[in-house]
Amino acid sequence: MIDNKKYVWWKHGVIYHIYPLSFYDSNGDGKGDIQGIIEKLDYLSELGVDAIWLSPIYTSPMIDFGYDVSNYREIDPVFGTIQDFLKLLREAHSRNIRVIMDMIMNHTSHLHPWFLESKSSRYNNPKRNWYIWQSPKNGRKPNRWNSAFGGSAWEYDKPTKQYYLHTFLKEQPDLNWWNTSMRKAFFDDIEFWLKLGVDGFRFDAINMIVKNKKFKNNPLFFEYLFNKKKLATRNQPGSYSIIKLLRKLLDKYENKVGIGEIYIMPPGNSMVSASYLGNGNDSLHLTFDFSLIFRRFNARSYFKCIENWYNQIPTKGWPSIVLSNHDLYRSINRFGTGFHKKEKAKVTAFLLLTLKGTPFIYYGEEIGMKNSKIPKSKIIDPVGKRFWPFYSGRDGARTPMQWNNSQNAGFTEALPWLPVNNDFTKNTLIGLRKKHKPLNCGEWKPLINGKNGVIAYSREFENEKIIVVLNFTSVRKKINLKIDEELKILFSTHRLISETIQLYDINLFPFEATLIEG
Ligand code: NOJ
């Protein structure tokens, strides 16, 4: 029996990230919708996922495809209605699948009524300070803060003769988290969904919500990179305080989860991601560490990265493992460049689902979906439009889910909003992870540290143990696990299940990934 106190759903389950526009189109308009998700719940349940995280479905002009919210309490008609959402909650919960929403606190849409009011006049306007307004400095922009999506982060508003701040697009004005009335109103919006029964939130760009109060300039790129000077626009003490308040809000309800998107430039600073876990009990429950995503496919480099991430986690905290999301190239494209793409993708799938930490599966990752090449004329991501041909944007990672090999991969009967990609494979790792306690709850013990191209570790829970062996190279490798026993294969890319294996002398196949019952 699993001890329920030890078995916490957000720690030991698998979280599946849905990009709703591309999941399943139930009404033939070429765009995925809530009813579409409901129709695919049985698939998700069979896959064994414990929770789904939905990229935003609130009312939005969709300039950043939902990450620009104009009403936090409504569902955008593209996705359906609030009734559809309530049905999704009921149907998901009846299958033991929790529902996590995206919560965008750094900014709203420029069409949000708060911003319209804030912009309407400079004086005697109670909502003016709900956003970040600054007067020109010597006739110029207030400082040299830049937008994450290119160019200055300041946009001039002629009628009121001030600039407003936007960390992302100019249609995404930043909220002023120093303002307590705004804070209260925003927390009420969050609570609205908690009361309806959602199980938690993924907090968008949460390490950016508070900026330096004195509008200190950011260091120049080289000062930041080489002299480790701190940015004035990220990881400010104020963000940590707001997160503690958020945690208190979540804790008013039972079993809720708060997950932080902690984006750090250049990526790879696990220490900062882990810092948002606080003491393991007072801040976010989970935070994303994107450092693995930016590594080359190399055993030693992966091992160091994983070990470093674990070393940063507070004793009472819990790691998450993420390889793909809607902002990045799909993992198979990143990890599988050149030859042996599929083999490398399998090794990374084993990692994702056997490491210690809550795995996040980006829709389609379970069938090895690849990034699509989007022709210039079809690019709709504003970031891709701006930076093409240097960077073609995020559309390629957001193409419709490939349900089957019928037209448009069974995603829609209409013309899909983005072109459909096509390749299909399946794996059973999620099921194994769910079934075997060491894989979902167990401790992680390194056995081979990647130096010779192989990573091996065990996962241990009470007196059960599973050993994971991964060959990252295209050649055979001899390893010795120094365990004088013959054990059974649980699952393998190259060996038969239930066959036994001698752990003193294993001759691994190229790109072999094997789970052994200890
Ligand atoms: C991070 C989100 O993941 C991304 O899709 C979005 O464009 C930005 N935050 C702005 O909300």
Side-chain angles (χ1 to χ4, degrees), residues 15 17-23 32 53-72 76 100-112 115 131-132 145-151 153 155 164-175 177 186 189-190 201-211 233-235 239 258-265 267 273 276 284 286-290 293-294 320 322-331 360 362-363 371 379-387 391-399 417-418:
I15 302 183
H17 174 190
I18 293 181
Y19 194 72
L21 276 173
S22 278
F23 198 56
W53 146 33
L54 310 178
S55 273
I57 51 174
Y58 316 101
T59 316
S60 162
M62 299 286 165
I63 294 172
D64 191 19
F65 299 99
Y67 284 92
D68 47 330
V69 180
S70 54
N71 186 332
Y72 286 84
D76 193 279
I100 299 167
M101 293 186 95
D102 222 302
M103 188 46 76
I104 302 97
M105 291 168 60
N106 179 69
H107 49 268
T108 67
S109 155
H110 65 314
L111 300 183
H112 194 294
F115 187 66
Y131 291 82
I132 303 176
W145 288 356
N146 283 328
S147 152
F149 287 169
E155 181 72 11
Y164 67 84
L165 185 73
H166 59 91
T167 296
F168 296 93
L169 299 173
K170 68 176 182 347
E171 294 84 359
Q172 294 169 302
D174 280 26
L175 286 161
W177 280 93
F186 204 106
D189 281 355
I190 298 179
F201 301 97
R202 172 265 189 191
F203 293 108
D204 186 73
I206 194 73
N207 61 326
M208 306 187 193
I209 62 170
V210 177
K211 284 90 190 169
T233 43
R234 290 176 193 209
N235 308 317
S239 301
I259 306 158
E261 185 209 22
I262 313 295
Y263 210 84
I264 302 147
M265 284 308 288
S273 297
Y276 286 92
L284 293 166
L286 296 171
T287 58
F288 291 136
D289 171 41
F290 295 118
I293 286 177
F294 292 89
S320 74
V322 58
L323 296 181
S324 281
N325 70 27
H326 63 296
D327 292 329
L328 302 161
Y329 263 55
R330 282 187 175 271
S331 60
F360 283 78
Y362 183 47
Y363 81 96
N371 241 70
I379 294 179
I380 51 177
D381 175 17
V383 187
K385 281 187 184 166
R386 180 172 179 131
F387 290 108
Y391 170 57
S392 54
R394 302 165 294 178
D395 298 329
R398 299 173 174 181
T399 53
W417 77 294
L418 278 170

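Just follow the structure's listing: the first ligand is 1, and inside any ligand the first atom is 1.
- Here the closest heavy-atom approach between residue Ser320 and residue Thr287 is recorded as OG-O, 2.8 Å.
- Atoms of ligand 1 found under 4.0 Å from any heavy atom of Phe149 (numbered from 1 in listed order, with element): 7 (O).
- Under 4.0 angstrom from ligand 1, there are no non-hydrogen atoms of Phe288.
- Listed by number with element, the atoms of ligand 1 under 4.0 Å from a non-hydrogen atom of His107 are 10 (C), 11 (O).
- Taking the six-membered ring where the residue is Trp, His326 and Tyr67 present parallel rings, their angle staying beneath 30° rather than reaching 60°.
- The single protein non-hydrogen atom nearest to atom 2 (C) of ligand 1 is Asp204 OD1, 3.0 Å, given as residue, atom name and distance.
- Side chains of Asp102 and Tyr58: no donor on one and acceptor on the other come within 3.5 Å.
- Taking a cut-off of under 4.0 Å to the non-hydrogen atoms of Arg398, the atoms of ligand 1 that pass are 5 (O).
- Of all atoms in ligand 1, listed by their number and element, those nearer than 4.0 Å to a heavy atom of Arg394 are 4 (C), 5 (O), 6 (C), 7 (O).
- In plain terms, the two heavy atoms of Trp417 and Leu21 that are nearest each other are NE1-O, 3.2 Å.
- At least one heavy atom of Arg202 sits closer than 4.0 Å to an atom of ligand 1.
- Using bins of under 30°, 30° to 60° and over 60° for the plane-to-plane angle, the ring pair Trp53/His17 lands in the parallel bin.
- Counting heavy atoms under 4.0 Å from ligand 1, residue Met208 does not touch it at all.
- When only modelled atom types and interatomic distance are considered, Asp76 and Ser60 share no side-chain donor-acceptor pair under 3.5 Å.
- When hydrogens are left out, the protein atom nearest atom 3 (O) of ligand 1 is Asp327 OD2, 2.5 Å; that is the closest non-hydrogen contact.
- Against a heavy-atom cut-off of under 4.0 Å, Glu261 is close to the following atoms of ligand 1: 1 (C), 3 (O).
- A donor-acceptor contact closer than 3.5 angstrom links the side chains of Thr108 and Tyr131.
- Two rings, from Tyr72 and His112, have their centers less than 6.0 Å apart.
- The nearest heavy-atom contact from the protein to atom 7 (O) of ligand 1 is Asp64 OD2, 2.5 Å.
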